[in-house]
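Below: the structure, in structure tokens.
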Amino acid sequence: MKLDVKANGELLGWLSLDNSSGLFAFAYAPDWLVKDIRFPLSPALPLDAGAITPEQHSAAVRQFFQNLLPEGQALDDAAQANKVSKSNLMALLIALGQETAGALSLSLADPPSPTHRETTKRLISRDELSRRIRSRPQEAFTIWDGKVRLSIAGHQDKIAVLEENQNWYLVDGDDLASTHILKPEPLRTRLQGMTSNELACMRLAQAVGLPTADSRLEWLPEPVVLIPRFDRIVKADSVQRLHCIDGCQALGLGVSMKYERPYGDSRDVQHLRDGASLPKLFALLAQASSKPAVDRLALLRWAIFQVLIGNTDAHGKNLSFFMDAGGLSLAPAYDLVCCLIYAGDGISDTLAMAIGDNFNPTTLSAYDWALMAYECQLNPKLVSRELTQLADKIYTVWPGLRDELLELGAEFSVLEGMGSIFQQQCGNALKIAAEISRVSRDLLK
């Protein structure tokens, strides 16, 4: 079986599966390889594969494309709706591959009757959306009109919509694509207030200078948070898709390796740290970024911000990179949430990626930050400066931002709880920041 892999209608190559051997392969199209704008799908799938065994290539290909799929219940729903096994990667890519994260679209390379996909726009009224949010215990939120409307990784309920003139549409076809991600409140009672939480964290990131989408909160009357897609450029008569990959795809890791401790935090396996990590990501940017100094500084600020807001779920799939002929560049921040507010309710209170050797965001020491700087080849004075500046900015802007968020309809109790965590995390950071550069290098080796 073979699938065409395209970006904005241009053929990049072919994904294939040999049914007899079970091996996957990806081959770049010859016409793509001679273009000046050519780029690889990711650093893990270079334009010239070099000396690599078919088994190694197959593993890298499978990991890359599997990262395009949703996770958890959304993956179960997609498999059931299309009557395929959720382990059948090719079948799921055929079903979901037209609207992925980034620019890629996938379709059968040799369809029985080749046709241009007709562009359609299906209006979602607010009343219908409200009803579907309330009926989620009975109806999968990702399935509309019998079709799966989500091919974006992650566990949280969400759909991808095109927004025009304050209306929302489900779209199909080659000329249009979704422009926004729409997220309702989670079904789990313990996570209520997540829309206010995410809006507040996204707006706070903007306020302190992190590149972040301009999210907003709408009421149907149920709250939904709307997040513009940074991998889309809206034009007069079409939507251009930008090639974008997540951290796991960039590192050549499977979706199961998105946490640094991919096997869990229990005593017997907590020493196994084979998943996505800050040292791996900083090393990747040093090698593959078009502007390594700029992107490494941006990644440092991203990592610090996660600690200061108490986001313990900042894993390898919760950051992304644009990929073009020049190399990688860090994409705007997304999925920013204060997770510590839910600690004790079944939500992990340990960091997805450690600072040094410490996974506890509330007990970080100067040594932990100094070790992180050493492992990531960062100047400890830079880490100290950025930690201080970001903590000071959050202290300064949060009171006014909280008042603005309340006017927008964000929940008071959620913002109050988050504010307490911000104060604690920023206070701890400011106490130890000056000591980071004083930690002896001999202690870090």
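Only a predicted model underlies this, so the values are computations on that prediction, with no experimental measurement involved. For the numbers below, each heavy atom of this structure counts, side chains included, while hydrogens, waters and symmetry mates do not. One is the number of the first residue; the rest follow in order along the sequence.
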Checklist entry - Do any N or O atoms from the side chain of Q98 and from the backbone of L106 form a donor-acceptor pair under 3.5 angstrom? => result yes
Checklist entry - Under 3.5 Å, is there a donor-acceptor pair between the S289 and R296 side chains? => result no
Item to check | Ring-face cation contact, W144 with R122, 6.0 Å cut, 45° max | outcome: no
Next on the checklist: Between F65 and M90, is there a side-chain heavy-atom distance shorter than 4.5 Å?
Outcome noted: no
Item to check | L308 backbone acceptor or donor facing Q425 side chain under 3.5 Å | outcome: no
Checklist entry - Above 12 or not: heavy atoms from other molecules or residues under 6.0 Å from CD of Q377? => result no
Next on the checklist: Assess the residue pair E218 and R126 against the criterion (salt bridge (Lys or Arg N to Asp or Glu O under 4.0 Å)); give the C-alpha distance rounded to whole Å, side-chain angles, the decisive distance to 0.1 Å, and a yes or no.
Outcome noted: CA-CA 10 Å; E218 298 264 358; R126 290 174 180 253; 3.2 Å; yes
Item to check | Audit row: L336, F305, side-chain contact (heavy atoms from CB on, under 4.5 Å) steps and yes/no | outcome: CA-CA 9 Å; L336 302 177; F305 187 76; 4.0 Å; yes
Checklist entry - So how far is it from D77 CG to Q80 CD, rounded to the nearest 0.5 Å? => result 6.5 Å
Checklist entry - Checking salt bridge (Lys or Arg N to Asp or Glu O under 4.0 Å) for the pair E164/K121: CA distance, chi angles, key distance, verdict? => result CA-CA 11 Å; E164 287 183 348; K121 289 166 54 178; 2.6 Å; yes
Checklist entry - Cation-pi between R261 and F359: NZ/CZ under 6.0 Å from ring centre and within 45° of the ring axis? => result yes
Checklist entry - Side chains of Q138 and S135: is there a donor and an acceptor less than 3.5 Å apart? => result no
Checklist entry - T312 versus P361: any side-chain heavy-atom pair under 4.5 Å? => result yes
Item to check | Under 3.5 Å donor-acceptor, Q240 side chain and I233 backbone | outcome: no
Checklist entry - About how many Å separate CG of L251 and CD1 of I245, when rounded to the nearest 0.5 Å? => result 8.5 Å
Checklist entry - Quick one: SG on C201 to CD on Q206, what's the gap to the nearest 0.5 Å? => result 12.5 Å
Next on the checklist: Between D231 (side chain only) and G102 (backbone N and O only), is there a donor and an acceptor less than 3.5 Å apart?
Outcome noted: yes
Item to check | Residue pair L340 / D349, side-chain heavy-atom distance below 4.5 Å | outcome: yes
Checklist entry - With a 4.5 Å heavy-atom cut-off, do L382 and L297 have their side chains touching? => result yes
Checklist outcome for this item: Correct closest heavy-atom pair for I227 and S215 would be CG1-OG, 3.5 Å
Checklist entry - Can any side-chain N or O of Y334 pair as donor or acceptor with the backbone N or O of L319 at less than 3.5 Å? => result yes
Checklist entry - Are the side chain of T212 and the backbone of L210 linked by a donor-acceptor contact shorter than 3.5 Å? => result yes
Checklist entry - Given the rule in the salt bridge (Lys or Arg N to Asp or Glu O under 4.0 Å) test, do R273 and E375 qualify, once you have shown the distances and angles that lead to the verdict? => result CA-CA 14 Å; R273 296 167 62 177; E375 292 176 336; 5.1 Å; no
Checklist entry - Are V337 and D313 close enough, and set up right, to give a side-chain contact (heavy atoms from CB on, under 4.5 Å), and what steps lead you there? => result CA-CA 8 Å; V337 176; D313 201 41; over 6 Å; no
Item to check | Stepwise side-chain contact (heavy atoms from CB on, under 4.5 Å) test for D265 and Y259 | outcome: CA-CA 10 Å; D265 295 335; Y259 294 105; over 6 Å; no
Checklist entry - Does the side chain of L242 reach to within under 4.5 Å of the side chain of R229, using non-hydrogen atoms? => result no
Item to check | Side-chain heavy atoms of Q66 within contact of L92, under 4.5 Å | outcome: no
Next on the checklist: For the backbone of L253 and the side chain of N67, can you confirm whether one donor and one acceptor N or O come within less than 3.5 Å of each other?
Outcome noted: yes
Checklist entry - For the residue pair F322 and F230, does the interplanar ring angle fall in the parallel (under 30°), tilted (30 to 60°) or perpendicular (over 60°) class? => result perpendicular
Checklist entry - Does a donor on one side chain and an acceptor on the other come within less than 3.5 Å for S130 and E222? => result yes
Checklist outcome for this item: Separation between NE2 (H315) and OG (S277), nearest 0.5 Å, reads 14.5 Å
Checklist entry - Where the side chain of D295 meets the backbone of L330, is there a donor-acceptor pair that is under 3.5 Å apart? => result yes
Next on the checklist: Tell me every residue that passes ring-ring contact (aromatic ring centres under 6.0 Å, His included) with Y169, counting only those two or more places apart in sequence or in another chain.
Outcome noted: none
Checklist entry - Is there side-chain contact between E185 and D157, with at least one heavy-atom pair below 4.5 Å? => result no
Next on the checklist: Would the distance check show the side chain of H243 and the main-chain N or O of L41 forming a donor-acceptor pair, the cut-off being under 3.5 Å?
Outcome noted: yes
Checklist entry - Within the side chain of K280, is there an N or O that forms a donor-acceptor pair under 3.5 Å with the backbone of D274? => result yes
Next on the checklist: Test side-chain contact (heavy atoms from CB on, under 4.5 Å) on F141 and L187; report intermediate values, then the result.
Outcome noted: CA-CA 11 Å; F141 188 65; L187 274 173; over 6 Å; no
Checklist entry - Mind checking whether W32 and L11 have side chains closer than 4.5 Å, heavy atoms only? => result no
